[in-house]
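Here the structure comes first, spelled out in structure tokens, and everything after it is commentary.
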Amino acid sequence: MTTTPPLHGLDTFALTIRQAVSSAIDVKIDLISLERPRQESLGEFALPCFRFAKQAKLAPPALASKLADELAIENVNCEAVGPFLNFRIDANSLARSIVTSAQNDNYAGDNQDLTTLVEFSSPNIAKPMHIGHMRTTVIGAALSRIYSHLGHDVKRINHLGDWGSQFGKLVAAWQRWGSEDKLNELPIAHLLELYVRYHEEEKNDKTLAVDAKKYFQQLESGEDNQTRATWKQFTALSLTEFDKVYARFGIEFDYVRGESWYEDQLDDMITWLDECGVTELSDGATIVNLEEQGIKTPSLVKTAHGTTLYATRDLAAAKSRWEEFKFDHSLYVVGAEQTLHFQQLKAVLSRCGVEWEKRMEHIPFGLIRLTEGKLSTREGRVIALVDVLNRSVELAAKSIEQKNPDLPNKETVAEQVGLGAIVFHDLKHQRQKDVVFDWKEVLSFEGDTGPYLQYTHARCCSILRRAEKDVPQLDDIDFSVLEGGRELWVAIGRLPQAVREAAAKREPMLIANALLKVAAAGNGFYRDNQVLGTNDDNLEKARLVAIDTLRKTLALGMKLLGVPTPQEM
RNA sequence: GCGCCCGUAGCUCAACUGGAUAGAGCACCUGACUACGGAUCAGGAGGUUGGGGGUUCGAAUCCUCCCGGGCGCACCA
């Protein structure tokens with residue numbers, strides 16, 4: 001897979017500069033990596049000369065100024081500032097190059113021939129989705145789109161929590177206190193009520209736990225019994241609810257496969273582990289010892305009373321996916337609290353001697369906490385995901401009523417803005433960090449927010465709409481008119497690198513930050529450069545193209561993140 | 001107790017993975033012309049990067065020891 005990646009945005013300039021420096025100081029081009037100057041005013045690229053000073057037998061500042069004198073790069077001016085060499089791209093070719101590049105539909109894209117699995121969202125059946133599910137859903141969906149844009153064949157997998165002893169408990173509760181009427185009316189709420197009641201009464205009623213175990217064994221038996229029928233009903237009802245949420249986020253899965261989907265592969269999994277010679281018995285349970293892999297806690301694949309566990313199912317899922325997809329990458333967008341589980345998973349497979357285990361990767365993210373403490377479904381410390389969405393949309397609607405009461409499609413736009421705020425807020429932070437859920441902050445529409453991007457996008461659409469003509473062809477415009485937009489062109493030109501880095505680090509935040517810079521520069525641009533009504537056809541044409549390029553770039557980035565792009569708001 | 005993650009402006013977060021004077025938003029203060037949308041823009045104030053020590057040309061970033069917070073540590077998922 002050593003095809004050279006396509007050059008987008010500032011890439012062409014970076015490459016030219018690196019080539020020139022490489023031959024000037026006789027250092028392999030791979031070793032020359034450009035950085036960003038401290039201040040944008042210094043230029044677009046910087047090269048710290050410390051690393052090459054020794055070989056050149058010059059002090060870093062001397063080398064920098066020597067290079068500044070010697071280098072002659074077309075359309076690039078270089079200047080030494082102390083030990084740094086700063087490169088500044090000629091304004092005209094910057095504008096021309098970036099606009100041309102960003103107008104391409106595949107801007108920041110690639111055609112990497114890879115198969116990438118992304119497992120994300122994965123809510124539990126019979127429980128409402130809460131804000132804890134938001135991060136995996138939003139991050140997973142964003143990563144999927146990013147890889148897709150880079151040409152990967154992406155398989156989105158929703159690994160529903162639809163199996164396990166909890167369903168024995170739920171069925172036990174259902175048998176005692178369940179109500180068909182309530183179930184039909186508010187399915188998830190009723191199931192949650194049963195779940196909570198089970199845990200309350202379990203302490204005093206020992207027969208509950210006995211029943212729960214019995215029902216789960218019935219479920220696992222594979223027979224077509226009453227327990228299974230009940231479970232199927234719960235699953236279907238839950239999925240209907242989940243799908244409503246996914247539809248609002250604009251997310252589609254390629255495979256909705258719960259843990260139960262791997263049910264008939266579990267025996268084979270245990271057999272396979274036995275054949276690999278990695279299993280042993282411990283207190284009646286079947287385990288895989290991982291001490292040699294540096295993990296003290298063994299992986300438990302079968303309980304003493306013969307039922308399978310989370311680990312068993314995930315092992316089966318991993319193997320099944322390998323056999324089906326022969327993936328290049330298999331990413332698990334799952335909370336950081338499950339780090340040990342994934343280490344164990346990979347370690348077990350490693351002990352079994354499979355090579356593809358290395359292609360599996362846990363993408364952890366910090367958990368969402370409330371100011372009152374950790375989320376707990378049982379203790380009622382939850383915020384339902386739909387509540388967050390609804391409140392945000394409601395607030396967006398209010399805002400529209402205030403700012404733009406004549407807007408057509410108010411409801412649709414309110415939905416787009418409300419969701420955009422939430423999605424962007426989630427993706428703005430580094431994955432790994434815990435976040436404290438704060439209504440005020442999540443529902444903010446000002447400053448570095450989703451609505452800010454949407455607003456900038458809408459302003460562009462507005463100008464283009466008022467122009468009442470098609471966006472001019474590129475070969476028909478005078479780029480010298482756009483020389484003043486340096487900040488904007490640089491911001492747009494840096495998006496492709498942000499996309500590549502976001503993909504490599506599995507960190508959508510990098511795109512979010514790059515987009516904020518584009519929007520900020522864009523707002524400055526149309527403030528300083530009046531587009532319409534200048535009575536200068538040449539000027540208007542070029543600036544229309546500029547606005548269209550800004551609009552297009554924002555739309556691309558927002559699409560990757562999952563932030564809707566209304567044309568008016 | 002052991003392992004992993006985190007600690008940066010009053011608050012929420014950045015800082016190109018070792019580079020230049022640590023940057024944004026919120027909140028606070030000041031300002032924006034009958035110009036394409038004020039969900040915007042321009043400016044001000046705000047910092048001993050939790051603390052000590054070390055590595056080197058150079059540290060928020062790397063190593064080490066403390067302090068503080070979070071998560072996890074086999075018959076739940």
Side-chain angles (χ1 to χ4, degrees), chain A residues 33-39 42 46 48 50-51 53 59-60 81-84 86 122 124 161 163-166 169 259 282-288 294-307 309-311 313-314 335-341 343-344 364 366-367 369 374 396 399-400 402-404 417 421 425 428-430 432-436 438 440-441 444-456 458-467 494 497-498 501 505 509-510 512-513 516-517 519-520 523-524 526-534 543 547 568-569:
Chain A
S33 59
L34 299 175
E35 301 182 355
R36 259 203 302 281
R38 244 292 151 259
Q39 295 151 354
L42 293 173
F50 307 97
R51 284 168 223 141
V81 178
F84 291 88
N86 294 325
S122 312
N124 288 327
W163 204 248
S165 54
Q166 51 174 329
K169 294 176 184 175
E259 295 181 62
S282 172
D283 297 334
T286 307
I287 65 162
V288 180
I295 301 171
K296 287 179 183 160
T297 317
S299 179
L300 190 61
V301 294
K302 201 170 190 179
T303 67
H305 50 273
T307 52
L309 288 143
Y310 185 43
R313 283 167 236 135
D314 253 8
E337 68 274 13
Q338 295 201 39
T339 301
L340 177 61
H341 166 71
Q343 284 171 350
Q344 290 176 320
L367 47 66
R369 287 176 21 249
K374 197 186 168 184
S399 204
I400 291 169
Q402 247 174 38
K403 298 170 197 281
N404 198 357
V417 172
H425 175 263
K428 203 174 66 174
H429 306 104
Q430 273 181 30
Q432 287 269 24
K433 298 199 179 179
D434 288 354
V435 296
V436 174
D438 180 357
K440 207 176 90 199
E441 206 196 317
S444 164
F445 298 162
E446 283 169 19
D448 288 350
T449 63
Y452 173 60
L453 298 181
Q454 292 175 319
Y455 173 77
T456 311
R459 290 275 309 264
C460 293
C461 292
S462 173
I463 293 172
L464 294 170
R465 194 168 46 240
R466 282 165 193 272
R494 290 202 200 281
Q497 201 199 341
E501 268 182 54
K505 295 175 184 166
M509 182 267 306
L510 295 168
N513 278 349
L516 285 172
K517 290 219 174 78
N523 270 296
Y526 54 54
R527 180 200 61 221
D528 298 333
N529 299 273
Q530 189 181 344
V531 180
L532 307 175
T534 57
R543 288 181 176 169
I547 295 297
E568 289 181 81
M569 59 189 275

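Just so it is clear: chains get the letters A, B, ... in the order the sequence lines come, proteins before strands, and each one is counted from 1. Atom set for the values below is all heavy atoms of this structure, side chains included, hydrogens, waters and symmetry mates excluded.
Atom CD in A:E259 sits roughly 7 Å away from atom P in B:A77 (whole-Å rounding). Atoms CD1 (A:I295) and P (B:A74) sit 13 Å apart, rounded to a whole Å. Rounding to whole angstrom units, CG of residue A:L516 and C1' of B:G23 are separated by 13 Å. For A:L309 and B:A74, the CG to P distance is 12 Å, given to the nearest whole Å. When rounded to the nearest whole Å, the span between CG of A:L453 and C1' of B:G25 equals 12 Å. Rounded to whole angstrom, the span from the CZ atom of A:F84 across to the P atom of B:U21 amounts to 8 Å. Rounded to an integer number of Å, the gap from A:D314 CG to B:A77 P is 11 Å. Whole-Å rounding puts the A:Q343 CD to B:G3 P distance at 13 Å.
Remark: the A:N86 side chain and the B:A20 base include a donor-acceptor N/O pair separated by less than 3.5 Å. Contact of A:S282 with B:A74 (side chain to base): a donor-acceptor pair of N or O atoms is detected under 3.5 Å.
Taking atom C1' on both nucleotides, B:C73 is separated from B:A27 by 42 Å, rounded to a whole Å. Remark: the separation of the P atoms in B:A35 and B:U30 is 25 Å, to the nearest Å. For the C1' atoms, the distance linking B:G18 with B:C57 amounts to 12 Å, nearest Å. With both ends at atom C1', the span from B:G50 to B:U61 equals 15 Å, rounded to whole Å. The separation of B:C4 from B:C65, taken at their P atoms, amounts to 12 Å, rounded to a whole angstrom.
Here the side chain of A:V531 is nearest to one of B:C36, B:C41, B:C2, namely B:C36. Nearest nucleotide to the A:Y526 side chain, out of B:A39, B:C36, B:A77: B:C36. Distance from the side chain of A:L340 is smallest for B:G72 among the nucleotides B:G37, B:G72, B:C75. The side chain of A:M569 approaches B:A39 more closely than any other nucleotide in the set B:C75, B:G72, B:A39. In the set B:C76, B:G37, B:A74, B:A74 carries the atom at the smallest distance from any side-chain atom of A:P298.
Across all strands, A:L464 comes closer than 4.0 Å to no nucleic acid atom at all (heavy-atom distances). Counting non-hydrogen atoms under 4.0 angstrom, A:A304 reaches a base of the nucleic acid. Residue contacts shown for A:G161 are absent, as no nucleic acid heavy atom lies under 4.0 Å away. Within 4.0 Å of A:A46, counting heavy atoms only, lies at least one base atom of the nucleic acid. In this structure, A:P37 reaches the bases: a heavy-atom distance under 4.0 Å links it to at least one base atom across the strands shown. Among the protein residues, A:R51 comes within range of the nucleic acid bases, having at least one heavy atom under 4.0 Å from a base atom.
For A:R466, a side-chain nitrogen or oxygen approaches OP1 or OP2 of B:G37 to under 4.0 Å. The side chain of A:R313 places an N or O atom within less than 4.0 Å of a non-bridging phosphate oxygen (OP1 or OP2) of B:A77. Phosphate contact (OP1/OP2 of B:G38, side-chain N/O of A:R459, threshold under 4.0 Å): present. OP1 or OP2 of B:A39 lies within a sub-4.0 Å distance of a side-chain N or O belonging to A:K403. Of the side-chain N and O atoms in A:T339, none sit less than 4.0 angstrom from OP1 or OP2 of B:C4. Distances shown here put every side-chain N or O of A:Y452 at or beyond 4.0 Å from the OP1 or OP2 atom of B:A24.
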For nucleotides 26-35 of chain B, list the nitrogen or oxygen atoms of the protein found under 3.5 Å from its nitrogen or oxygen atoms, one pair per line.
from: B:A35; atom 1: N3; to: A:Q530; atom 2: OE1; distance (Å): 3.0

Under 3.5 Å, which protein N or O atoms sit close to an N or O of nucleotides 8-15 of chain B? Give each pair with its distance.
from: B:U12; atom 1: O2'; to: A:E441; atom 2: OE1; distance (Å): 3.4
from: B:U12; atom 1: O2'; to: A:E441; atom 2: OE2; distance (Å): 2.6
from: B:A14; atom 1: OP1; to: A:Q430; atom 2: N; distance (Å): 2.7
from: B:A14; atom 1: OP2; to: A:K433; atom 2: NZ; distance (Å): 2.8
from: B:A14; atom 1: O2'; to: A:N513; atom 2: ND2; distance (Å): 3.3
from: B:A15; atom 1: OP2; to: A:Q430; atom 2: NE2; distance (Å): 2.9

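With both pairing distances under 3.5 Å, B:C71 is matched to B:G3 as a Watson-Crick or G-U wobble pair. Nucleotide B:C16 has no partner under the Watson-Crick or G-U criteria, as no pair reaches both atom distances under 3.5 Å.
Taking the side chain as every heavy atom from C-beta outward, A:R369 and A:V435 never approach each other to under 4.5 Å. Counting heavy atoms from C-beta outward, A:Y526 and A:T456 have side chains that approach closer than 4.5 Å. Side chains of A:P364 and A:Q338 form no contact here, defined as non-hydrogen atoms less than 4.5 Å apart.
The neighbour count for A:K428 NZ, taken as heavy atoms of other residues, nucleotides or ligands under 6.0 Å away, is above 12.
Using a cut-off of 4.0 Å between Lys/Arg side-chain N and Asp/Glu carboxylate O, A:R51 and A:E35 are scored as salt-bridged.
A:N523 and A:Y455 form no side-chain donor-acceptor contact under 3.5 Å, judged by distance and modelled atom types alone.
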